[in-house]
Amino acid sequence: MTMDKTFNAAEAEARLSKAWIEGGAFRAGANQSRDESFCIMIPPPNVTGSLHMGHAFNNTLQDILTRWHRMRGFDTLWQPGQDHAGIATQMVVERELAETNMRRTDFSREDFVARVWQQKEKSGGTIIEQLMRLGASCDWDRNAFTMAGAPGDTRHGHEASPDFHYAVLKVFVDFYTKGLIYRGKRLVNWDPKFETAISDLEVENIEVDGHMWHFKYPLAGGATYEYVETDEDGNVTLRETRDYISIATTRPETMLGDGAVAVHPDDARYAPIVGQLCEIPVGPKETRRLIPIITDAYPDPDFGSGAVKITGAHDFNDYDVAKRNGIPLYRLMDTQGAMRADGLSYADSAAKAQAIIDGAELSEAGVDQINLVPDAYRSLDRFEARKAIVAAITGEGLAVMHDVTRTDKESGAEITETLPLVEAKKIMQPFGDRSKVVIEPMLTDQWFVDSAKIVEPALEAVRDGRTQILPEQHRKVYFNWLENIEPWCISRQLWWGHQIPVWYGPKERSPAGGGDGSDATVERMEFCAPTPAAAAELAKAYYEGDYGIIVEGQGAASSEQPVIQLVRDPDVLDTWFSSGLWPIGTLGWPQETEELARYFPTDVLITGFDIIFFWVARMMMMQLETVKEVPFHTVYVHALVRDEKGKKMSKSLGNVLDPLELIDEYGADAVRFTLTAMAAMGRDLKLSTNRIAGYRNFGTKLWNAARFAEMYGCKPAPMPETLIQTVNKWILGETARTRIAVDDALGQYRFNDAANALYAHVWNVFCDWYVEFSKPLLQGEDGPAKAETQAVMAWALDQCLLMLHPIMPFITEELWGSIADRPKMLVHGDWPMFGTEIADPAADAEMGWVIGLIEQIRSVRAEMNVSPKAKTGLVMVAADGSARTRLETNWALISRLARVESVEWAEAEPSGAVALPLPGATACLPLAGLVDVAGEGKRLEKALGKLGKEINGLSAKLGNEKFLAKAPEDVVAEQRERLAEAEAEALRLRRAQERVAALG
RNA sequence: GGGCGUAUAGCUCAGCGGGAGAGCACUUCGUUGACAUCGAAGGGGUCACUGGUUCAAUCCCAGUUACGCCCACCA
């Protein structure tokens, strides 16, 4: 069978992929021949996701390491799986519903979740197929899912996944029991689109054009004070009588919820009015609220007016100030970011708020009933309300005014107008990273992980090197975030996810009338347990006495005894809480599985920098808290794949390269090799199709080299004990050096170095030289030499295939199979382990000499415009015998590649010849008649110029006593040697110059 | 406001205390049966700037400039 002229990537990739998977080539432990294990956890892509360039990059690197270890006989597992991706996935389904004008609330929770499971079945397999097309050698039989085992689980596509749901709930319960998780009413980031709380990390602060309005808060009862501004030296710059305090805000709609105005305690301007009341200038005049002017360290006297309105329920800074000063928190908005319409009437609310100012005490729930949104603004969207409020205040003359001078277009006169002070300002505004809508700080009940309590081991593990972060610059980022860790809000008001395993019952032990749980939202008992039955057990113990316990959704009461109804917390957990358990969860924890024992802690995590906080840090904390071990020994953080201009790939820019389209066009190997070759640690890569095409050509080159080998019958065969041919000895050494370089590079996660070493070896050494050198031997009459070369050629090619396989699995597997029938596929090939013991220094030196000679002859011929077809003679002036031996043993090679047809030996260099310096000899090309005298003169001139510079530099250095005294001996010796060589060559060049001059 | 990163050939980037490299692009030449998705030869760089350390700096240190990224509550 002869090989096809080209590699048919599309056909071969599909066929080989199938063969690997059906043959179980990727199973955990496949090809194992040693004790050590090697395990990588895939960063689980979203179930609804599809493969983008980042995935392609990330998974290529993981696959390289996995294949490399598998070939080296490690007990290897690359664990695949998907993430349920709470918000992202629910969003997909809700969007679909929206097309038919339906909402999630049109369904029961159970039905909606069932729809999401259907969606998951529909699209969950896509990314797996795409990863398979990339060649990812995951153990697909173990495909896991972060919501496996949760109610409604269809097990589709992740049949073997452990009960992840149980593991997640168990960790929640454990953390709860240990006091690491708590529930409380806190100000959280609220996404009005998805109507859920989100964590700090899910908020993107983006600079937008905003406005800062300045409004007057009149002092109560028309009081006045003398407002005095001074400059740095204490000189009075402004003195006026005011009956108001000036307040700046970028969000006027929140004024309705103000609880106080704060000034800095040292701010002399406002000292006269501290303790007084001022009026919020919004709403029906007769019921405007009065709020106190207080002091707090928070306001910066140098910013704005120096006075800050305190809206505790709608701003994070204000929240802290309010907490410190006992200022009530008034919630103004509903879950969709519209102004509230629920709760008490405005009049009642204002009255109650006033009562609080006057000293009345209200329960938390009582305060929440207060709705300070006037009727005119109720139900308005927050941005509509903002407009209306600004208009109302301005119309009433309570905006701070300032003079604006402009030049009238028609008359050219300068006109000064007094206008409301509205500063156009760049402000950092928070947006939901998924919803892209403005996030609202919102006062709600949420669950939190008290991260500060579990952070220390995660810091310590990186500090002491149990977990290594590469590249190292990311360590700082990691430390910095963890050292300043904030509580992690883990509850989400969604339906898709792990429902929080907490059940509520009435606080009182004697629920009158059977305890219908009507006040359960106010004061209640929490029962945290991984299952409803366990929760009921806990409740039974608490409600000691003769109660029946009814757990939500677990059937009705049967007896006549009083009944306690347990209601489950409706919220689900942040996706990252469950993916934070990915390493142990996929290995079957909390069962003590064999996999856990073999593969945990895992070896390396390969991930993008964008999820260091989201995921890596959380995994560290959660694994260390749960099983007291680091989840992985190394974190390799890769950079971003950008477009060829360095722009981030984005749909809106339209510069997205689809890895699947690239695979279709260039083949998976070309895409993989490109990404690998560009994977310099810590540096973004700019991907261009041009580059991919180049590496596709590399595959073709390899293919053709194999065709050449096949053509000359180079089949894998035992090599002779002793090699005779120098080229064959030499290629062994070259191969060994490459093997060392590749292993070295991969061992240090220097993927680009590995790729480049292989590229250079295959193309520049194997193809450019060895294949060419082999031709006279393979085509010649010398039987033993031919046989030896065939065997060595086959061997050297095999080594190329073996070493390239982790990066280019398909073409190498295809070649491996077409070269010979083998006991094992290449995917299970035995990675070369030989070192330089198989090299032969004498052969290396000899081939170096031969290559040098050929290159010099070619160079001269090209520059002299000698026709490539013309053959020339060669005159050798030998300084010692070794040169003669070298030339004669390699004459066939030299003659062919340098196109010289004869050689004669002379005592002196003939005139009219170009002299080429070599170790131990001078090679002379008698090109009389062919020589372009002027050209040769120029060439020599140039070469001498270069040499002159080098000689000057070296002599200066060697003339420097300090250098001789302080530099290491070997460096001095090396410089001396270089100087001697340079001088010798310069001498030869000068003699050649003379001869050329004589010719002219 | 903090923190980090990057400046090397026309382009994209490796490298890194003692001889400036690769790929692409460019120029010239080439259909010798592996390969024109190729071969051979070649041009091209005060390694951003300024100081310092050193016998020696593209590389280490400090500063400057430009660009990029991350984090952060200035109303």
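What you see is a predicted model, and the numbers here were worked out from it, not measured in a lab.
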For Watson-Crick and G-U wobble pairs within 3.5 Å on both distances, what is RNA chain B written in dot-bracket notation, | included for inter-strand pairing? (((((((..((((....[..)))).(((((.......))))).....(((((..]....))))))))))))....

Taking only residues two or more places apart in sequence or in another chain, which ones pass side chain to side chain donor-acceptor pair (under 3.5 Å) with A:H214? A:E423

Considering only atom C1', compute the distance from B:G45 to B:C11 and round it to an integer number of Å. 14 Å

Using a heavy-atom cut-off of under 4.0 Å over every strand shown, decide if A:D320 touches base, sugar-phosphate, or nothing. nothing

Measuring from the side chain of A:E950 (C-beta onward, heavy atoms only), which nucleotide among B:C55, B:G19, B:C35 has the closest atom? B:G19

Categorize A:Q779 for me: base, sugar-phosphate, or nothing, with a 4.0 angstrom heavy-atom threshold over every strand shown. nothing

Distances under 3.5 Å between protein N/O atoms and the N/O atoms of nucleotides 41-44 of chain B, please, pair by pair.
{"unit_1": "B:A41", "atom_1": "O3'", "unit_2": "A:S859", "atom_2": "OG", "d": "3.3"}
{"unit_1": "B:G42", "atom_1": "OP1", "unit_2": "A:S859", "atom_2": "OG", "d": "2.8"}
{"unit_1": "B:G43", "atom_1": "OP1", "unit_2": "A:K942", "atom_2": "NZ", "d": "2.1"}

What N/O pairs connect the protein and nucleotides 1-9 of chain B at under 3.5 Å? Give each pair on its own line.
{"unit_1": "B:C4", "atom_1": "OP1", "unit_2": "A:K476", "atom_2": "NZ", "d": "3.2"}
{"unit_1": "B:U6", "atom_1": "O3'", "unit_2": "A:R683", "atom_2": "NH1", "d": "3.0"}
{"unit_1": "B:A7", "atom_1": "OP1", "unit_2": "A:R683", "atom_2": "NH1", "d": "3.1"}

Considering every strand and a 4.0 Å limit on heavy-atom distances, what is the contact class for A:R475: base, sugar-phosphate, or nothing? nothing

Just to verify, what does A:D768 make a side chain to side chain donor-acceptor pair (under 3.5 Å) with, not counting sequence neighbours? A:N764

Shorter than 3.5 Å, N or O on both sides, protein versus nucleotides 73-75 of chain B: list them out with atom names.
{"unit_1": "B:C73", "atom_1": "O2'", "unit_2": "A:N317", "atom_2": "ND2", "d": "2.7"}
{"unit_1": "B:C73", "atom_1": "N1", "unit_2": "A:N317", "atom_2": "OD1", "d": "2.9"}
{"unit_1": "B:C73", "atom_1": "O2", "unit_2": "A:N317", "atom_2": "OD1", "d": "2.4"}
{"unit_1": "B:C73", "atom_1": "O2", "unit_2": "A:N317", "atom_2": "ND2", "d": "3.1"}
{"unit_1": "B:C73", "atom_1": "N3", "unit_2": "A:N317", "atom_2": "OD1", "d": "3.4"}
{"unit_1": "B:A75", "atom_1": "OP2", "unit_2": "A:K425", "atom_2": "NZ", "d": "2.9"}
{"unit_1": "B:A75", "atom_1": "O2'", "unit_2": "A:A248", "atom_2": "O", "d": "2.7"}
{"unit_1": "B:A75", "atom_1": "N6", "unit_2": "A:D300", "atom_2": "O", "d": "2.7"}
{"unit_1": "B:A75", "atom_1": "N6", "unit_2": "A:F303", "atom_2": "O", "d": "2.4"}
{"unit_1": "B:A75", "atom_1": "N1", "unit_2": "A:D300", "atom_2": "N", "d": "3.0"}

According to a strict under-4.0 Å criterion, is A:K962 in side-chain N/O contact with OP1 or OP2 of B:U54? no

